[in-house]
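Inspection log for the structure reproduced underneath, given as structure tokens.
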2 protein chains.
Amino acid sequence: MPLTTPPGGTPARRRPPGMTDVARLAGVSQKTVSRVVNNERYVSAEVREKVRSAARELGFRPNTAARALITGRFGRIGVVALGTALWGPASLQVALERATRAAGIAVVVAHTVEGEPDSVGEAVEWLLDQGVDAIIIADPVDEGVEVRSDPAVPLYSLGRSVPEAENLLAGASNAESMREAVEHLLDLGHERVWHIAGPATWYPACDRVEGWRAAHEARGIEPPPPVEGDWTPASGYAAGQRILRDPAVTAVACANDDMALGFIRACTEAGLAVPDRVSVTGFDDIPAAAYFTPPLTTVCQRFEADVIRGLGILLRRLGGAPTGAPEPPPHTDTPRLVVRRSTAPPANRRNEAPGKDAR
Amino acid sequence: MPLTTPPGGTPARRRPPGMTDVARLAGVSQKTVSRVVNNERYVSAEVREKVRSAARELGFRPNTAARALITGRFGRIGVVALGTALWGPASLQVALERATRAAGIAVVVAHTVEGEPDSVGEAVEWLLDQGVDAIIIADPVDEGVEVRSDPAVPLYSLGRSVPEAENLLAGASNAESMREAVEHLLDLGHERVWHIAGPATWYPACDRVEGWRAAHEARGIEPPPPVEGDWTPASGYAAGQRILRDPAVTAVACANDDMALGFIRACTEAGLAVPDRVSVTGFDDIPAAAYFTPPLTTVCQRFEADVIRGLGILLRRLGGAPTGAPEPPPHTDTPRLVVRRSTAPPANRRNEAPGKDAR
DNA sequence: ACCAGCGCTGACTACGTTGTCATGCAACGT
DNA sequence: ACGTTGCATGACAACGTAGTCAGCGCTGGT
């Protein structure tokens, strides 16, 4: 099968047009086309326009493979994400791709499997095979495996899940947001706030535990021991059955909304009214949270802002984005705690501070 | 800055090793290295091993850019996905990447923005710029915009959202699953089943409406008019407030679990017990569904199976997967309806058919 | 009048891989 | 002894782009 153009007649070529074809049509050299396409200097306005229209006419699209071959850069980053549809990870990934595309960089995803320790390593390996300029570990689970990396491809993480990688979300909102939620409960008059945490292998879970603990320590209070769940409503329910045997429990901060849902169910079944007898907060503000019974006081994460800021670091490390690096926007500190009806002052203080009415 | 190796001393090269380097170390030609790497025939076992160990020693990784440049194929497909963390789209995307990687093909994602009609077109354009062998439109929303495609890059869709594209999920489970749920309700003795649908712009929503309608028509029943929501619990709640004015309503099939949640809340507030007075089904089987009050009867989708089957079509079109195409597995028809406690016979038949006890 | 500098353009080459073709060698049948 | 066949290997070209450098015409300073 000859790939070259047949000598006579209309050249019915299959091959997509290249710079050489554009150059021929515009009557210039291939190099000049390259200059126009890359917006280099030293091209007269006249030639520039001629090349542009020729490119448009042929439907020319620069070949990224050839470009990557010679520059050694791919204009792509790899993202290792946990293969789950959970609200947090999924939202993070969307935010990541948005911010990346805005910087002219494409995203190649590889999903891991929770519980398979080496799936992170496999994903990294796969991405390195594909050719990427950098890799971001967005998997929030630390299975304790060290990732062997290519020295030429820097490794980053969203939430310090990998020691070999630089964390792009250093000052992220997890701990701080949870602290806000706990302080809300303490401000309402609760003496201590119990905590239903996420799995200890998840860094966001650890951060939230930290924020919960910090809120107590700032007031010189010793927090009760946290209970570990696995993000599912089932685990929140089970935790509730254990915690609620202690009559001192009046306020519980859950590490996500799903566990809060399960916990509320445990309360209901135990005959403990929410929020009259027990106050509950969630984390994530999933769409359903406002329609729990009662509507859940929870924390809304700022994925977009955090990711954009973190990606700014990465882009600067890569030596400037191809299409002009947007400066990371100033850290706009929007309110994160969404107060609904699952929180109220404890029963013994009900008359002092009347509960807010949301609706 | 000279890129070539300095003449004297240790060659402290920055450039990653190529086949030429491996060849030099193994004492063979570069072409032979290519043969070994690509598992071609006509290489003696001895040489093969020598090359392998040389490649391992240098940490050689074939350069995909160079390969793509000459073969004209990238080993990548682009996926246009809706930028949302909703359960369905997110699950689909994970399943898609899993199946694709198993076939040795990488995924480049581009997210759209719901409500921005041209964001699909922009995403496609962006993916074409990146260089992909095919594009899958996984965005479930049809904004009615036609997508201009490159003739060299075939366009596929997951759920026929784009007329220019071939649908990979032709016999998918949406309609059939919904039909199963509705038949479950009819079997329980309900005369008619109301429907809270998703937005009419979403194809999965249309398919579910279709399944709901089909279940009625198969029994010669005229279904009541469907009510359209927007997937959120809020819309399910609002729909409930409208529907529940009609005392004839005894069973409602919701197009997703979140709307079912909102609808249940509307029932509760209206003093209508679920399932004693009104039966409700959801769709998706999100983790929280089992912990609603009451636990939700819903439908579990088979993303993995559907996507693997659909991808089989694509891979065969692309002319066989690089690393050996796995044949699409036989369509294992696992049960999809998960019966929990939100469904029961209507009040007037309660004594005839006792409700199942799940727990 | 001459050269230096600037703006603009093109020729040539390298990038790392695969495709094509040629070549060397051994085994085999005549 | 000879050609034929098949395996194993290498030489060489090509893919489409960007980097390097040379060269053009013009301007301005000496």
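Labels below follow one simple rule: chain letters A, B, ... track the order of the sequence lines, proteins then strands, and each chain is numbered from 1.
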Could you check whether any side-chain N or O of [X] sits under 3.5 Å from a backbone N or O of [Y], counting only pairs where one atom can act as donor and the other as acceptor?
| X | Y | result |
| --- | --- | --- |
| R76(A) | G131(A) | yes |
| R61(A) | G18(A) | no |
| T20(A) | Q30(A) | no |

Considering just the side-chain nitrogens and oxygens of [X], establish if one lies under 4.0 Å of OP1 or OP2 belonging to [N].
| X | N | result |
| --- | --- | --- |
| R15(B) | dG16(C) | yes |
| T32(B) | dG10(D) | yes |
| S34(B) | dT18(C) | yes |
| N63(A) | dC15(D) | no |

Nearest to the S44(B) side chain among dG10(D), dA8(D), dT17(C), which nucleotide is it?
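Among dG10(D), dA8(D), dT17(C), the one nearest the side chain of S44(B) is dA8(D).
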Quick one: which of dG19(C), dA14(D), dG16(D) gets closest to the side chain of K31(B)?
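Shortest atom-to-atom distance from the side chain points to dG19(C).
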Closest-nucleotide mapping onto DNA chain D: is V37(A) or A66(B) further toward the 5' terminus? I mean the 5' end.
A66(B)
Starting at [atom1] of [X] and ending at [atom2] of [N], how long is that distance when rounded to a whole Å?
| X | N | atom1 | atom2 | result |
| --- | --- | --- | --- | --- |
| R35(A) | dC8(C) | CZ | C1' | 8 Å |
| L69(A) | dA14(D) | CG | P | 17 Å |
| Y42(A) | dC21(D) | OH | P | 16 Å |
| R24(B) | dT17(C) | CZ | P | 12 Å |
| E46(B) | dA8(D) | CD | P | 11 Å |
| R61(A) | dT17(D) | CZ | C1' | 17 Å |
| M19(A) | dC12(C) | CE | C1' | 16 Å |
| E40(A) | dT17(D) | CD | C1' | 11 Å |

Test salt bridge (Lys or Arg N to Asp or Glu O under 4.0 Å) on R56(B) and E49(B); report intermediate values, then the result.
CA-CA 10 Å; R56(B) 219 175 304 126; E49(B) 191 41 50; 3.8 Å; yes
Residue pair F74(A) / V132(A): nearest heavy atoms and the distance that separates them
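The pair with the smallest heavy-atom distance is CD1-N, 3.8 Å.
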Can you name the nearest heavy-atom pair linking P17(B) to G59(B), along with the distance?
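For P17(B) and G59(B), the tightest heavy-atom pair comes out as CG-O, 4.1 Å.
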Rounded to 10°, tell me the angle between the two end axes of the helix from dA1(C)-dT30(D) to dT30(C)-dA1(D), each built from five pairs.
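Comparing the first five pairs with the last five, the axes sit 60° apart.
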Do Q30(A) side-chain and dA18(D) base share a donor-acceptor contact under 3.5 Å?
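Such a pair exists between side chain and base.
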Using a 3.5 Å cut-off and no angle test, enumerate the donor-acceptor pairs between side-chain atoms of residues 36-45 of chain B and protein atoms at least two apart in sequence or in another chain.
| residue | atom | partner | partner atom | Å |
| --- | --- | --- | --- | --- |
| N38(B) | OD1 | R67(B) | NH2 | 3.3 |
| N39(B) | OD1 | R52(B) | NH2 | 3.3 |
| S44(B) | OG | V47(B) | N | 3.3 |

Toward the 5' end of DNA chain C, which comes first, P62(B) or S29(A), by nearest nucleotide?
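Mapping each residue to its closest nucleotide by heavy atoms, the 5'-most match is S29(A).
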